[in-house]
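Letters A, B, ... are given to chains in the order of the sequence lines, protein chains preceding strands, and every chain is numbered from 1.
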Amino acid sequence: MNAMAATAHHIGTTAPASPLLLAVDGVTVDFDGFKALNGFSLTLDRGTLRVLIGPNGAGKSTLCDTIIGRVRATSGRVIFKDQDITHLPEHEIVRRGICRKFQTPGVLPGLSVVDNLMIAARRDRRWWSTFRHGVAAEEKARVAEILETIGLADRAAAPAGQLAHGEKQWLEIGMVVATRADLLLLDEPTAGMGPAETSQTAALIRRLVGQHTVLVIDHDMSFLEQLDARVTVMHQGQFLKEGSVAAIRADADVAAVYLGRTKGDTHG
Amino acid sequence: MDMSMRKETPLPGLLPGVALGRPLALSLAVVALAALAPWLVSAYELNLLARFLAMALLAMGLVLVWGQGGVLSLGQGVFFGLGGYAIAMHMKLAALADGDLPDFMVWSGLDALPWWWVPFKSPLVAILGVVLVPGALAALFSWAVFRRRVGGVYFALITQALALAFATLLISQQPSTGGFNGLTDFQTLMGVELGTPAAAHGLYWLTLALVVGVFVALRALMASRYGLLLRAIRDGENRIRFLGYDPTPFKVVAFTIGAVLAGLAGALFTLHAGVVSPALVGVVPSIEMVIWVAVGGRNSLAGAVAGTLAVNLAKDGVSSAFPDLWLYALGLVFVLVVTLLPGGLAGLVADAGATPWGKRLKSFIVGGSK
């Protein structure tokens, strides 16, 4: 434990204005003997974009679940802004500055688009403060801005359940952004989108980088190319490769795990 | 942009549509008519109406808990009973000379007042107890359950078990609770002779005033940001949790308010009916309470009041003519409502409002605005 803390501390202080935002440190998640994550580590610097790929069952979603507290690490730690968040309650992790977009759109179907965003944009999320009237001008302005950004300004009053699938995806991205989280976890943000919508989503995500740190999970190669970010490849709960999109595309090991062949086979 | 947003969607936190005008006038007319009931109906009918209005307080609480919060409670009878017994214990004690025991305790051979009866000698304790005992129990119980993330059917079953246990406890502790017969034969409340027309009218108006007050207060609560979050938690508890809110206290607050209103309803009902007994608090009555709200519309306060009045009027009619048939009739009504009319009476009214004639009527009521 002490050694790990020292490592995290060391990483955190190498640069004067600590660029390190998140460190996943040797995390194992054991579901009754099946290791969804197996000693996995990952670090993210502030304001960067990272894409996480890997075949089905590689542990990508489990990693997001572990960072956000939905799944608890059997061993290892998650360090965010130099603090150990491994065992905090989910809402507390979010309040520290991490927000996640789920794989199936997690909008609130019965509420209007603007109410979905208003709930996300609220800074004071303690229950007793919800009895107070009035909305901060800053929150209203932010919601209006996000409505424009995600192209739903004219649907503001519509119930979120009536949106098309792609619009729901964007609304949820908007909600995640509205929380002002430092770290955004976007799990398959282009699932169910056509090529045009996918390009728009890539452009939207690229605009978020800098102000936010973004971790994207996706499979779509053309989407990855448009994002043009560093790629981390996972396989069977472990780290496999990291590099540029081009390097990952050319990598024999990556091709092997995607095609389900073992290392030896790829040369044959 | 900002302007159009404000116009189209009421932002959370603003007061609900208490826009002055014809809807308000219409509501006031209904309340005024209800206030004149003592001169319009017989004493028997007034007593029935008073009981049903007391029950409507509980029904409005269920709108918050079940309709808005999505938490189905099959144990509201417990809180209803706690309120009823709190006021009944006080009235039993107030009728006695110092040192005497209520008659049923004497018959059961008790020679001292049980310790938990003693504080209810004070009218203040009894009246506070009507709301604080159910409120505190509900807060502790629901906090313990919701923080373990137990919900849905499991929560409903636990509350049903609670209702069963409470009724069983009351019956089994006959020497100190009055057992199956409950508590009855009340004479005075805080020096006021019960059973006179003046007392009946006064209690009726008190109940009506509370119904109106609770209606207005819950309407404001549902329109507040708290109400918005409660509905949001109902629709997507995990999404809300992963937006940084802790859902537990929101649900605990709703459940506690529901229990406080049930306690209040139980106390008023006891005053109107002159009796409180285990038959009013167990599993069957608790399910009936849910049916009032299902019939009226679980997301509508006005619907809940209407549903309570309608179901109980029907119960009075059916059970006096065919005593054995009532539970079958109620079961049938429940099945029909759930399958054909999920929005209840309120949903029916809303559907009618969408027809051409309904729209015309609505535009007249709302005052000409589209």
Side-chain angles (χ1 to χ4, degrees), chain A residues 68-70 89-102 105-116 118-135 137 139-141 143-145 147-148 153-154 156-158 160-161 172 175-176 178-179 181 185, chain B residues 1-16 18 67-70 139 143 146-149 217-218 220-257 298-299 343:
Chain A
I68 205 83
R70 195 188 196 190
E90 298 97 319
H91 63 267
E92 189 53 46
I93 294 174
V94 178
R95 288 178 193 181
R96 302 258 173 128
I98 305 179
C99 199
R100 171 172 181 188
K101 189 213 156 297
F102 289 91
V107 298
L108 301 155
L111 269 48
S112 68
V113 169
V114 71
D115 280 344
N116 268 275
M118 277 291 182
I119 286 179
R122 179 76 168 173
R123 288 213 128 161
D124 188 349
R125 297 149 175 148
R126 294 167 306 178
W127 64 274
W128 59 85
S129 79
T130 58
F131 295 108
R132 265 183 242 136
H133 288 296
V135 178
E139 282 169 19
K140 271 191 209 175
V143 166
E145 186 196 316
L147 275 172
E148 289 291 348
D154 53 340
E172 199 185 2
M175 288 163 73
V176 169
T179 63
L185 309 176
Chain B
M1 172 64 238
D2 198 32
M3 288 301 293
S4 72
M5 240 172 60
R6 208 173 303 157
K7 230 189 320 184
E8 282 166 20
T9 60
L11 287 175
L14 299 179
L15 261 174
V18 268
Q68 303 279 294
W143 182 74
F146 291 142
R147 67 188 284 272
R148 303 302 308 263
R149 306 202 183 160
L218 282 184
L221 187 64
M222 282 159 60
S224 74
R225 186 187 293 273
Y226 168 80
L228 181 70
L229 271 152
L230 193 60
R231 290 188 292 279
I233 290 166
R234 174 193 68 191
D235 293 345
E237 182 160 342
N238 257 335
R239 180 68 273 182
I240 288 301
R241 182 174 281 127
F242 290 112
L243 286 173
Y245 296 90
D246 181 5
T248 303
F250 290 93
K251 293 160 78 178
V252 168
V253 167
F255 192 74
T256 304
I257 292 173
R298 67 169 119 150
N299 276 305

*Check: A:Glu139 side chain, A:Arg123 main-chain N or O, donor-acceptor pair, under 3.5 Å*: yes
_Among the listed options A:Val176, A:Thr179, A:Ile68, A:Val94, the residue most often paired with chain B at heavy-atom distances under 4.5 Å_ = A:Val94
*For chain B, which of A:Leu111, A:Ile119, A:Ile98 has the most heavy-atom pairs under 4.5 Å?*
A:Ile119
_Contact class of A:Arg70 relative to chain B, heavy atoms under 4.5 angstrom_ = both
Just wondering, do [Y] and [X] contact through their side chains at under 4.5 Å, heavy atoms?
X        : Y        : result
B:Arg231 : B:Met222 : yes
A:Leu108 : B:Arg239 : yes
B:Phe242 : A:Ile93  : no

Among all residues two or more places apart in sequence or in another chain, which pass the side chain to side chain donor-acceptor pair (under 3.5 Å) test with [X]?
X        : value
A:Arg126 : A:Asp124
B:Arg241 : B:Glu237, B:Asn238
B:Arg147 : none

*chain A contact residues among residues 248-255 of chain B, heavy-atom distance under 4.5 Å*: B:Pro249, B:Phe250, B:Val253
